[in-house]
Protein chains: 2
Amino acid sequence: MKYIKSNNSRLEIGSIEESSFNEVLITKYKSVKKVIIVDDNTHVNCLEYLLTTFELLKESEIVVLPHGELNKELVIVNNVWEALTEYGITRHDLIINLGGGMITDIGGFIASCYKRGVDYINIPTSLLGMVDASIGGKTGINLGEFKNQIGVFSHPEVVYIDIAFLSTLPSIELLSGYAEMLKHALISDEKLFDTLVAQLKGKEEFTEEILLTCIGVKNDIVLEDPMEKGLRKILNLGHTIGHVIEGHFMNGKKMTHGHCVAIGIVMESYVSMKMGLLDQKSYEKIQESILSFYEMPSYSNDEINEMVIMLSNDKKNRQGKILCALLTSIGACKYDQQVSEDMFVEVFLHFKNLQVNLN
Amino acid sequence: MKYIKSNNSRLEIGSIEESSFNEVLITKYKSVKKVIIVDDNTHVNCLEYLLTTFELLKESEIVVLPHGELNKELVIVNNVWEALTEYGITRHDLIINLGGGMITDIGGFIASCYKRGVDYINIPTSLLGMVDASIGGKTGINLGEFKNQIGVFSHPEVVYIDIAFLSTLPSIELLSGYAEMLKHALISDEKLFDTLVAQLKGKEEFTEEILLTCIGVKNDIVLEDPMEKGLRKILNLGHTIGHVIEGHFMNGKKMTHGHCVAIGIVMESYVSMKMGLLDQKSYEKIQESILSFYEMPSYSNDEINEMVIMLSNDKKNRQGKILCALLTSIGACKYDQQVSEDMFVEVFLHFKNLQVNLN
């Protein structure tokens with residue numbers, strides 16, 4: 001078992017059966033009500049294991065949400081709040097979020113606002129959730145096409161990361177998680193990037209060690225800047241464009257969060273090069289590595305206009321300026337870099353030539 | 001100008017023109033967008049004064065909400081979040097809540113969750129808002145009939161308390177604020193209680209000094225226990241029953257929040273006496289003082305049953321037990337006192353004889 005101290009929270013990496021989970025349930029939550037929030041996938045694939053392994057969860061109320069980013073929205077949140085009220089959940093009870101990034105994002109928000117805050121524990125079951133979503137205290141839901149527009153910073157009591165859950169995961173979801181790991185590598189360590197690319201190519205095995213390294217990159221940054229006043233913004237690499245792509249294609253093409261982020265990373269690396277921050281060789285290495293696993297979606301000129309308008313509503317903007325995290329090398333990143341709308345138009349036009357129609 | 005240091009926040013009491021407001025706008029928010037949230041009353045009575053007095057507010061976006069507790073709900077919150085998105089408000093902009101407790105409660109929640117938190121300033125315009133709602137970092141909205149079921153703890157940058165705004169307030173709203181002041185007195189200081197009762201009887205003048213004293217009582221408690229782990233619970237005196245009455249009568253009889261709290265105080269003082277915590281003479285003094293200004297609403301036996309069921313969902317409950325703040329004397333209070341459902345039934349039945357039909 002590996003332990004990582006996070007802000008007002010603790011991460012445990014290893015088999016959940018050997019983790020502190022059972023002891024925490026006994027010592028802190030023995031006689032309180034428990035609610036487990038799952039999606040329809042983890043309901044089928046992960047819940048039974050948890051219920052049969054941990055005696056104290058037997059009487060839990062189960063809340064099943066429809067899976068997918070499209071359902072990370074206020075109507076669902078409202079329904080869950082009404083259900084919690086009906087179950088008579090008090091602020092001393094416990095919520096357990098069992099699922100991917102969608103469940104830990106929405107479940108964290110639900111718990112943080114219900115009666116002004118109920119304790120919650122995250123058990124991420126997707127690679128994306130393990131390496132990114134369930135760490136760092138960001139919770140949130142979408143507002144229309146605007147990703148994570150509504151949310152709070154809050155902290156789960158503990159996050160249990162058990163890679164055994166990954167065995168139930170479709171490969172497209174593994175790839176989604178890898179995108180965030182690639183991002184963690186790009187902002188911190190070129191060797192880590194090379195290792196991840198080798199794993200993606202099937203030349204090296206996926207290990208708990210690599211997961212731990214990637215989680216460590218994010219956690220160190222979050223510890224230094226929990227509220228995203230400065231440094232933490234480098235974790236947004238790929239997300240300015242990535243969120244817009246995700247928002248834009250939410251109702252149509254099936255693109256995972258990680259796929260959108262991967263495309264965002266390539267495009268923002270291109271911006272980095274165009275703005276003279278990143279050398280061409282590094283850019284080409286990034287483009288080639290990433291685009292061999294993540295396909296460029298197709299979009300029209302009209303769609304470019306729509307996406308550029310959306311960029312101007314990005315959470316990271318300030319005083320009407322579009323701000324990005326941009327790479328200065330593979331392994332180093334600068335935040336609050338101002339990028340013009342014209343530059344984004346140029347980037348979208350450039351990548352139009354590399355499009356693959358995902359429909 | 002009087003200054004009170006609160007948690008991550010500052011209270012200023014005095015003329016807003018002589019306060020730091022203008023300077024804060026210039027130094028911290030000069031070039032960011034500003035949104036002023038008002039209700040239809042403060043829109044008519046208070047907004048123009050603010051806009052003509054403070055040059056930097058001229059370009060503000062104005063969000064007008066329907067007044068009243070019934071509108072402190074998620075649909076309205078969602079509409080405002082959509083409006084903020086449309087205005088292109090970023091997390092670096094400023095929200096100003098100009099109104100009574102309803103506006104500071106809902107506006108604080110809106111600001112705290114929009115893009116995971118935007119700075120906000122509270123300018124309470126009602127006595128209730130000045131002495132209670134805008135102090136202490138509780139924000140919230142109702143979920144159906146459950147008062148403040150959804151919310152977060154968060155802190156305005158500054159709260160500006162200017163009693164000039166009270167001149168626009170109907171007397172029924174002044175009385176509503178007095179109820180919270182009476183509560184602050186009952187949990188801390190019998191002399192303060194006597195002074196407030198004398199003011200209500202018209203024998204003494206309302207003063208800024210008294211307001212300051214009552215705010216100080218609340219603020220000292222909140223500073224000691226910001227997250228309501230213990231001591232802060234004494235501020236809930238009158239609110240266990242008060243919230244249930246408010247929730248129950250929300251759609252019918254017109255009862256202000258303070259009116260409900262005042263009735264809650266009398267009933268919970270009766271519980272205090274019945275449970276042997278408070279002597280009969282003190283109880284009678286409280287009952288007589290309060291019921292001469294706040295009328296007992298009428299309810300049927302069926303309604304008693306409904307209200308007792310609602311009590312079991314109170315936020316302050318723990319492990320299925322109904323917990324109350326109860327008085328031990330005029331000026332002293334104990335929290336986490338377990339009260340049985342039977343006792344509540346007895347109390348509601350007792351006060352049925354003192355009913356006045358408010359319809």
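Numbers restart at 1 for each chain; the letters A, B, ... are given by sequence-line order, proteins then strands. Just so it is clear, the values below take in all heavy atoms, side chains as well, and ignore hydrogens, waters and symmetry mates. Quick caveat: nothing in here was measured; it's all calculated off a predicted structure.
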Does [X] use its side chain to pair, donor to acceptor, with the backbone of [Y] at less than 3.5 Å?
{"X": "B:Lys233", "Y": "B:Glu228", "result": "no"}
{"X": "B:Glu73", "Y": "B:Asn71", "result": "no"}
{"X": "B:Asp225", "Y": "B:Leu231", "result": "yes"}
{"X": "B:Lys183", "Y": "B:Leu235", "result": "yes"}

Proximal component of [X], with respect to chain A [non-hydrogen, under 4.5 Å]:
{"X": "B:Leu143", "answer": "side chain"}
{"X": "B:Thr139", "answer": "backbone"}
{"X": "B:Tyr114", "answer": "both"}
{"X": "B:Ser31", "answer": "both"}
{"X": "B:Lys138", "answer": "both"}

(request) Please flag which part of A:Thr85 lies under 4.5 Å from any non-hydrogen atom of chain B: side chain, backbone, both or neither. (result) both
(message) As an exercise: rank B:Leu84, B:Ile141, B:Ile89, B:Asn148 by heavy-atom pairs under 4.5 Å with chain A and give me the winner.
(response) B:Asn148
(request) Go through the steps to decide whether A:His239 and A:His257 satisfy the test ring pair (Phe, Tyr, Trp, His ring centres under 6.0 Å), and finish with yes or no. (result) CA-CA 10 Å; A:His239 282 68; A:His257 174 69; 5.5 Å; yes
(request) For chain B, find which of A:Glu82, A:Met227, A:Lys33, A:His92 contributes the most heavy-atom pairs closer than 4.5 angstrom. (result)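 Counting heavy-atom pairs under 4.5 Å, the top option is A:His92.
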(request) For each of A:Lys115, A:Arg91, A:Arg116, tally heavy-atom pairs with chain B at distances under 4.5 Å, and name the one with the top tally. (result)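 Sorted descending by pairs with chain B, the first entry is A:Arg116.
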(request) Give the intermediate values and the outcome of side chain to side chain contact (heavy atoms under 4.5 Å, CB included) for residues A:Phe153 and A:Ser112. (result) CA-CA 9 Å; A:Phe153 285 96; A:Ser112 304; over 6 Å; no
(message) Whether the A:Glu303 and A:His248 side chains hold a donor-acceptor pair (N or O, under 3.5 Å, no angle test) is what I'd like checked.
(response) yes
